[in-house]
Every structure is written in C-alpha cells, then in structure tokens.
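The block underneath contains the structure these notes are about, expressed in structure tokens.
For the numbers below, each heavy atom of this structure counts, side chains included, while hydrogens, waters and symmetry mates do not. In listed order, ligands and their atoms are each counted from 1.
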Amino acid sequence: ATEIKAVITLFGATGDLAHRKLYPSLFNLFRKGFLADNFALLGTSRSEWSDADFQAKVRESISKVDEDQAGQYDAFVKHFFYQPHDVTNPEHYDKLNERIAELEDKFATEGNRLFYMSMAPRFFGTIAANIKSQGLLSDNGFNRLVIEKPFGRDFASAQELNKELTETFDENQIFRIDHYLGKEMVQNISALRFGNTAIEALWNNQYIDNIQVTLSEDMGVEERAGYYDQSGALRDMVQNHIMQVVAQLAMEQPLTFTDQDIRAEKAKALRSLRKYTPSEAAANFVRGQYAAGDNNNEYRKEDGVDPKSITETYVAAKLTFDSYRWAGVPFYVRTGKLLAGKFTRVDVVFKKPLIDIFATPANSNDQKLNNNVLTIYIDPTPGFSLTLNAKKVGQGYTTEPIDLAFSQSAEQKDLSPEPYERLFHDALEGNSTNFASWSEIADAWQFVDVIRQVWDHEEPNFPNYQPGSMGPKEADELLARDGRQWVY
Ligand code: BG6
C-alpha cells in the first residue's frame, strides 16, 4: 500500500455518519497500511469536547471493526484531535488553521489538506467561504473537499451550492459522495461490460429489450422522518443513486479507464437521458406511499411525518435515452421503503431470437423461448447470473431456461472494502472516478425537477401500497402497457 499523507479536517465529527462509517473506514485504511504515521484528523462540531473525549469516541466507533486488531486501536486514535467550532464564526477558522498547521508539523503531512463536510447541508457554502477567507487552503500540498449528500434539493439550489463551493475549490478538487459508487458491484459494471466481448457486443438496442434497476429496502423511515418527509424517494434515491447506476449502464466506452474519461462518458450518457415534459413525466413516473402493515404504522402516522404528507416513499419510472445505442430501449427503475426485501439488482433483458425454430407443430404447446436475462446482484450478495435457453433432457426438442450463476464467496465479501473505505481512500489519493461530477448532478436534477413539479401540484391517492409488496399496482402497469413485466 502506498502511504497517504494528509491532515483531514472533518466538519460534523460528532455526527452519526462519522461514528458509523467514517472512523471505521479510516481504521481499515490504517490497518491495511494506506494510512500510517503521516496523517491526522481534526474533528470539529459545536460540542465542547477535548481531544481525549474525541479519542474515546473514535475508539468506541472502531471497537467493532476487527477485535483481532485491538492492539492497533491506541496507535490509531493518537492521530485524532478535536476543536469545538461554530461554522458561522470566521474567527473560529483562525483557530482551526493554527491547529491544522501544528498537526502538519507534528505528523509531517507535506501540506496536504482534505476538508470533509458531513453536516447539515445549509452550512456547506458558509464553510467553503470561510476556508478561503480565513486562509485555510494550503499553498504547498493538495487541497481537497469531500462533500456528503444531498447536493442541493433541486437544480437551482444545487447550482447555487456549486457556485459557492467553486469560489474556493476547483471542480477537480471537489469529491461529491454517492456511496453507491463505492459498491463493489456498481464498480464491476465497467469490468463486466468493457472486459467481455460476449457482453459488450450485445450491449445495445439491437439485442437488449429493456433494462431494469431495482433498489429495494425493507425498512421504513425509522428515525430519519424529519429529513425524509422533506425529501422523498425521488430526491433521496433517484436523483443520485439510481442516476449513477443508470449512467454506468448506459455510457459509451471511456477512451481510457481514468476518472476524467469515465466521468465524461457518464455525463454524456446523462445528457442523452430524455428530459420529460410535464405530461411525459406524469405518464412515465409512478409514486407510492406505504400503508399500515402488521408491524408498522402507515407512513403518515410515523413520528415526525406530516399527517397529510404527500411525500413519496416509492418511485417507479420508465427512462428513455435519446442516443443511437439506446433508442427504443426503456430503462425501468424503481425504489422504495418497506418493500419485500433489502436488495439492489440490475436485470438486463435481452431480445428473444427472431424466430423460434424449436416451436414445431409437434411440441408447440410446451415450447416457449424465454428472454435471456443477465442479472447483476449489487446487494446483499454480489454476483451475476445469466439465464439461457437449453434443451430439456430427454427425447424431443423442447427448451427450458437454465441459469449460469456466480456469487461472491463469504471470504471475497469479507475482503471487499465498504463503500466509505473505498471512497475515502480514493479522495485521499485524488482519484475522482467514483464521485459525481457537477455536470452529472446538474443533468440529474434537471431531469428530476420536472417530475417534482408535476407531483407537487397534484394530490396523490396515498397510501397506495402494502408493506412487504413490491410497490403500487401502477408500477406493474407501467411495464404491462409496453407488454413487459418486472423480472423480479
Ligand atoms: C441513502 C438514503 O443515501 O441510501 C437512505 O438516504 C437509504 O434513505 C440508503 O436507506 C440506502 O443505502 P444502501 O447502501 O443501504 O442501499
């Protein structure tokens, strides 16, 4: 492992994300040797903690990572420091700057500075402005910004935020987190496509009938109702995660496998996504909200949810790309809370052979060729499967579907870094392949804004789906009307 040298300044160090994901990820990078002697993390938030308090919290957060590594806990937490901080007070940044400089000396980090914003998004712009005005940018190492979602709540606010950030950081210094891009199998989409003639040669409208993307969750909104009721599934899952997965499926082959080329292709793919008119949006999008089930309240009765809320907890849609490769191939996508299971998958449905030569008069009753389906299992168990038609054992020539399947072993799964570990590593290395560029985000918002506007002006018939189902019946009708159905 190449050792990374940097001081990380974390805004939101007492937060839930930091505790659950960020410290364990950094610990993994530490025990694998990506981080060693020359790094430090300066945590900030409003709480009046001392360095010792902070180190105790970090220790607690990593205590579940790998108990065999307990011997390394002390060595790791010695790199953590804390500074109480009010993000709106410029003078507080002067203090931060002093402490960063001290840590740079102490840990010989060569002037590399990474700022990480993991707090209420309304402060993102203010923090960036103060980083610049109070001189926190390094002039002898790198300066990078990692920023958590949500990146705006519509195109206008995202654009405003981007403007604020780019006063301080260049586009190539900004790492916008979308944790789906840190998932093993999302990254594997490129390997599957561009590493296999048998796949990529068929990856177009001549051979593919439709593509289905499902991000299914079996939990409700839990304790995040305050955020979720203001957001809804369209903003929470479609604008970011679904768009990023779809972009990888739809993009052209990048010239080289570098962040610049890959991001350029993804951006191009999203530009070719047809931006719907309001009436197209109404026809091609379905929204849902969950009803009461055996073990749960209906959404409108959850703590923190407006009893008349029209926030959607489910979205299904038909997307269309105006590109030569994808003309005529619908991408059906869906996501929702309290569905039948927690899983993420992509089903690529190939066209049937033009003629079924096995359907002779003698066996025409039981003969039926199925569509080949390539499934990419993203979560929980990474893998692929491909259904083919094969001859049924015995006399005669009837066919039946068989399945070629690969799934990762438990051992491989253990070796596979968590999304946050990968993304933290990549940001520290300056590799932006798996971060969303401004152009991608802008297109995704412009696409989603139209849907939002249509929905915000019409009273939906909520609740409309049962917990444990795969969503409202309109989601099935969306495909049925094209003579298709969901594979799962
Ligand atoms: C987050 C959303 O971005 O992704 C959550 O805000 C959602 O609402 C989560 O539950 C799903 O992520 P994963 O990795 O569990 O599929």
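The closest protein non-hydrogen atom to atom 12 (O) of ligand 1 is H179 NE2, 3.1 Å. Taking atom 13 (P) of ligand 1 as the reference point, the nearest protein heavy-atom neighbour is K342 NZ, 3.4 Å. Considering only non-hydrogen protein atoms, atom 14 (O) of ligand 1 sits nearest to K183 NZ, 2.6 Å. Scanning the protein for heavy atoms near atom 6 (O) of ligand 1, the closest one is D236 OD1, 2.6 Å. Nearest protein neighbour of atom 16 (O) of ligand 1, counting heavy atoms only, is Y180 OH, 2.5 Å.
In this structure, a donor-acceptor pair under 3.5 Å is present between the side chains of E302 and Y290. In this structure, a donor-acceptor pair under 3.5 Å is present between the side chains of S416 and R422. Between the side chains of N162 and R176, a donor-acceptor pair is found at a separation under 3.5 Å. In summary, the side chains of E421 and N28 do present a donor paired with an acceptor at a separation below 3.5 Å, with no hydrogens or angles considered.
Residue H241 touches ligand 1 through its side chain alone, judged by heavy-atom distances below 4.0 Å. Neither the backbone nor the side chain of E148 has any atom closer than 4.0 Å to an atom of ligand 1 (non-hydrogen atoms only).
Between the side chain of R271 and the main chain of D443, no donor-acceptor pair closer than 3.5 Å is present.
Near E217, with a cut-off below 4.0 Å to any heavy atom, the atoms of ligand 1 are 7 (C), 10 (O), 11 (C). With ligand atoms numbered from 1 in the order given, ligand 1 contributes 5 (C), 7 (C), 8 (O), 10 (O) to contacts under 4.0 Å with heavy atoms of K337.
Of the residues listed (Q212, Q485, K318, R484), the one engaging Y332 in a side chain to side chain donor-acceptor pair (under 3.5 Å) is R484, and it is the only one.
Side-chain contact between H241 and V186 is absent, with no heavy-atom pair separated by less than 4.5 Å.
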